[in-house]
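A quick write-up on the structure given underneath.
Computation of the quantities below employed the complete heavy-atom set of this structure, encompassing side-chain atoms and omitting hydrogens, waters and symmetry-equivalent molecules. Per chain, numbering begins at 1; letters A, B, ... match sequence-line order.
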2 protein chains.
Amino acid sequence: MTKRVTSFDVAKLAGVSRSVVSAVLNGTPGIGVSEEKREAVLKAIQELNYQVDAQARGMKTGRSHCIAAYGNVSNPMFLQVLEGMQGACAAHGYHVLLYPSSKEPQHTIDGLLDLYLQRRIDGIVALDRPHQANEAWIRQLVKHRLPYVSVEGYPHHEEVPSVLMDYQESIRRALDFLWGNVGLPPVYVEMHHGAHTLGWGDQQRREAYELWMKEHGLQPRIAAASADLSWEEGAEHWKRCIQEWGLPTAVLTNWSRGAVYVSRAAQMMGVPVGEQLHVMAADNTKRIHEYLYPSITSMEVPYREMGSAAAERLVEYIEGRRPYEDKSTQWLPAILAVRQSVATVSS
Amino acid sequence: MTKRVTSFDVAKLAGVSRSVVSAVLNGTPGIGVSEEKREAVLKAIQELNYQVDAQARGMKTGRSHCIAAYGNVSNPMFLQVLEGMQGACAAHGYHVLLYPSSKEPQHTIDGLLDLYLQRRIDGIVALDRPHQANEAWIRQLVKHRLPYVSVEGYPHHEEVPSVLMDYQESIRRALDFLWGNVGLPPVYVEMHHGAHTLGWGDQQRREAYELWMKEHGLQPRIAAASADLSWEEGAEHWKRCIQEWGLPTAVLTNWSRGAVYVSRAAQMMGVPVGEQLHVMAADNTKRIHEYLYPSITSMEVPYREMGSAAAERLVEYIEGRRPYEDKSTQWLPAILAVRQSVATVSS
DNA sequence: CTGTTAGCGCGTTCAA
DNA sequence: TTGAACGCGCTAACAG
């Protein structure tokens, strides 16, 4: 066990005072350092393998160079966002601290604020909307001027900067792709839960579909379907739909499950998916499309890019390069993943 | 923007010295605090919403109360482990810092050691074996007495404590389940890559299969198969196998993919999976079994439990409750996930 | 222009 | 129960 190396040791070995060591490391303006001394310091640092004590530095500067990732740890998508955050943070010398959203008492949303008050983190990227607390929580944020960016959070909110997927654009891209490759007017399959209430994103999608069809002089065809059917009911339902649509047909579904169901029903009927029936999903929340057969072409939510953009932006707030008052929303396009369920024209 | 609240403020409001504030918070032995002073302090803390500055505390105590999770951020399994770590850490007042394993220069394995030298972390849970560096890396660990626990890492290694799945036990449990429910002698499907080299875990599995069959007076039947076949080749191969085995049959596969292939081939032949052909996987690395139809019964690698056990153990090292010299390996059983691809007897 | 000294930040801990 | 020192790095003020 080697004892800790401090700036004092480095200074002694290099024959300078500790302030010079600090100046060399941080390029402090106001403290000039001659070339030879600078090199002596660098050499001593190398030799002793000196590492600045992060706690001591943080205490002085008031920055921990850590940001919290607040989210649902059992959601696989979360990992994508983390990956993106990680990349952006590393590029700026920040670290990512995990803070799961859960109902357990040790992980309340106030605990997250405490982390900031304890100076353990410099800001937060949230990948989950704080449930209950909502407005009260947001007031806390603003009161403490806590740097905060939400992923997939609050579109158009006055007080919370967000990074979101551009749902409309993603539908347009999907339709362009389908139309360009198979040249058939796409049917829109709209899955929903229970009482037929659409989320904000699904409303956007539907609007975009209707507009796109209009622009192309095509008649919209929308097949709404509950996601709560049993396997048997579902299978029957989708077989009937396929017969109704006729063949060949192109289909775009709002949720990933829709594409799976349609594809499966087609297979049971002996209809070759990717030839007579072209299926595409507007998202891939279960991340299973590539493992299915045939694998399903889809628009992928750009989680990694969203995480990266959010972290990037958070660092701007922290380092004062972006004013705290800028709460604008940032929109990212979905990513087209070409797979087997749609025939492609060879260029 | 409220100014930071320090222990000084609390002391003043409570009419005591700062050391008393500290003693109340930490229960310092050797500093007695009368009941009324203690309450005055607590009240002042509440009132001012005082939070200890983590950096200042850490600087003094030499502990950051952070542990690093080193792993491959693009591996979905990683998230499970994180979830487990998170739970155990929270229970002991620790935080989880993410450190991805990657080839990028900002995330070398030495960077991980530096984190420790900088006192940013108190220890490491590794979910990925540091590639190249191996022996050199382990020497570094030992040299600095860095608390370190590996998940799925180095079975039986002298210098690195590990948490692993008990492969043999998982096979036994799977076979017990199959045998108990369908009463057919299970065929073992052994997938492998290229040159037919089995990993350590797969060797364990095979041994366990052979032994179990012997103990039950059954003739082992092993079908080895390359995972590198094309879809068409694979389909042909598995159809032939199913014909060869005859019906009804029970099948246990070492990898999750094997079960998917067999199941798919059966469906193409019109053989009802879960009735005439019972399929089970010994792992579920792609985590898609529950989304397939029929969903596939499998033994699930207990990633969450492994993460939890690893973190728990790391904290023991850090807090000196377990000697650094204890490098023993810890084995965890796989978890049986009953799904549709195997018929179950109703109790 | 180069470099030093002294004091600070904040909580912990030991001697009194 | 408390005052004072300490841990480690940063930086304003100051001197060569």
* Sub-3.5 Å donor-acceptor pair from the side chain of B:Tyr154 to the main-chain atoms of B:Thr329, do we have one? ->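 Answer holds: no.
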Quick one about [Y] and [X] (side-chain donor to acceptor, distance below 3.5 Å, no hydrogens or angles considered), yes or no?
| X | Y | result |
| --- | --- | --- |
| A:Ser64 | A:Asp122 | yes |
| B:Arg57 | B:Ser22 | no |
| A:Glu319 | A:Tyr94 | yes |
| B:Gln51 | A:Gln118 | yes |

Look at [X] and [N] and indicate whether a side-chain polar atom (N or O) is within less than 4.0 Å of OP1 or OP2.
| X | N | result |
| --- | --- | --- |
| A:Arg18 | C:dT5 | no |
| B:Ser7 | C:dG11 | yes |
| A:Ser19 | D:dT11 | no |

For [X], answer base if it contacts any base atom (sugar-phosphate contacts may also be present), sugar-phosphate if it contacts only those atoms, and nothing otherwise; contact means non-hydrogen atoms under 4.0 Å.
| X | result |
| --- | --- |
| A:Ser34 | sugar-phosphate |
| A:Thr6 | sugar-phosphate |
| A:Arg38 | nothing |
| B:Val21 | nothing |

Can you tell me how far [atom2] of [N] sits from [atom1] of [X], to the nearest Å?
| X | N | atom1 | atom2 | result |
| --- | --- | --- | --- | --- |
| B:Asp53 | D:dG7 | CG | P | 19 Å |
| A:Asp9 | D:dG7 | CG | P | 12 Å |
| A:Arg120 | C:dC10 | CZ | P | 16 Å |
| A:Gln118 | C:dC10 | CD | C1' | 14 Å |
| B:Leu48 | C:dG11 | CG | P | 12 Å |
| A:Glu36 | C:dC1 | CD | P | 17 Å |
| B:Arg4 | C:dC10 | CZ | P | 7 Å |
| B:Phe8 | C:dT12 | CZ | P | 16 Å |

If you only use heavy atoms from C-beta on, which nucleotide in [options] is closest to the side chain of [X]?
| X | options | result |
| --- | --- | --- |
| A:Val20 | C:dT13, C:dG11, C:dG3 | C:dG3 |
| A:Val52 | D:dT2, D:dG9, C:dG11 | D:dG9 |
| B:Ser22 | D:dT1, C:dG3, C:dT12 | C:dT12 |

* Asked: Taking for each residue the nucleotide of DNA chain D bearing the nearest heavy atom, is the 5' side occupied by A:Tyr50 or by B:Val16?
  ->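 The residue closer to the strand's 5' end, by nearest nucleotide, is B:Val16.
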* Any chance you could lay out the side-chain contact (heavy atoms from CB on, under 4.5 Å) test for A:Leu82 and B:Leu98, step after step, and finish with the verdict? => CA-CA 9 Å; A:Leu82 282 180; B:Leu98 217 57; 4.1 Å; yes
* **CA sep, side-chain torsions, deciding dist, call: B:Leu97, B:Leu115, side-chain contact (heavy atoms from CB on, under 4.5 Å)** => CA-CA 10 Å; B:Leu97 197 74; B:Leu115 240 39; 4.1 Å; yes
* Give the C-alpha distance, both sets of side-chain angles, the deciding distance and a yes or no for side-chain contact (heavy atoms from CB on, under 4.5 Å) between A:Arg313 and A:Asp326. => CA-CA 11 Å; A:Arg313 183 148 171 190; A:Asp326 176 355; 3.7 Å; yes
* What residues in residues 55-66 of chain A put a non-hydrogen atom under 4.0 Å from any atom of DNA chain D? ->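 Contacting residues: A:Ala56, A:Arg57, A:Lys60.
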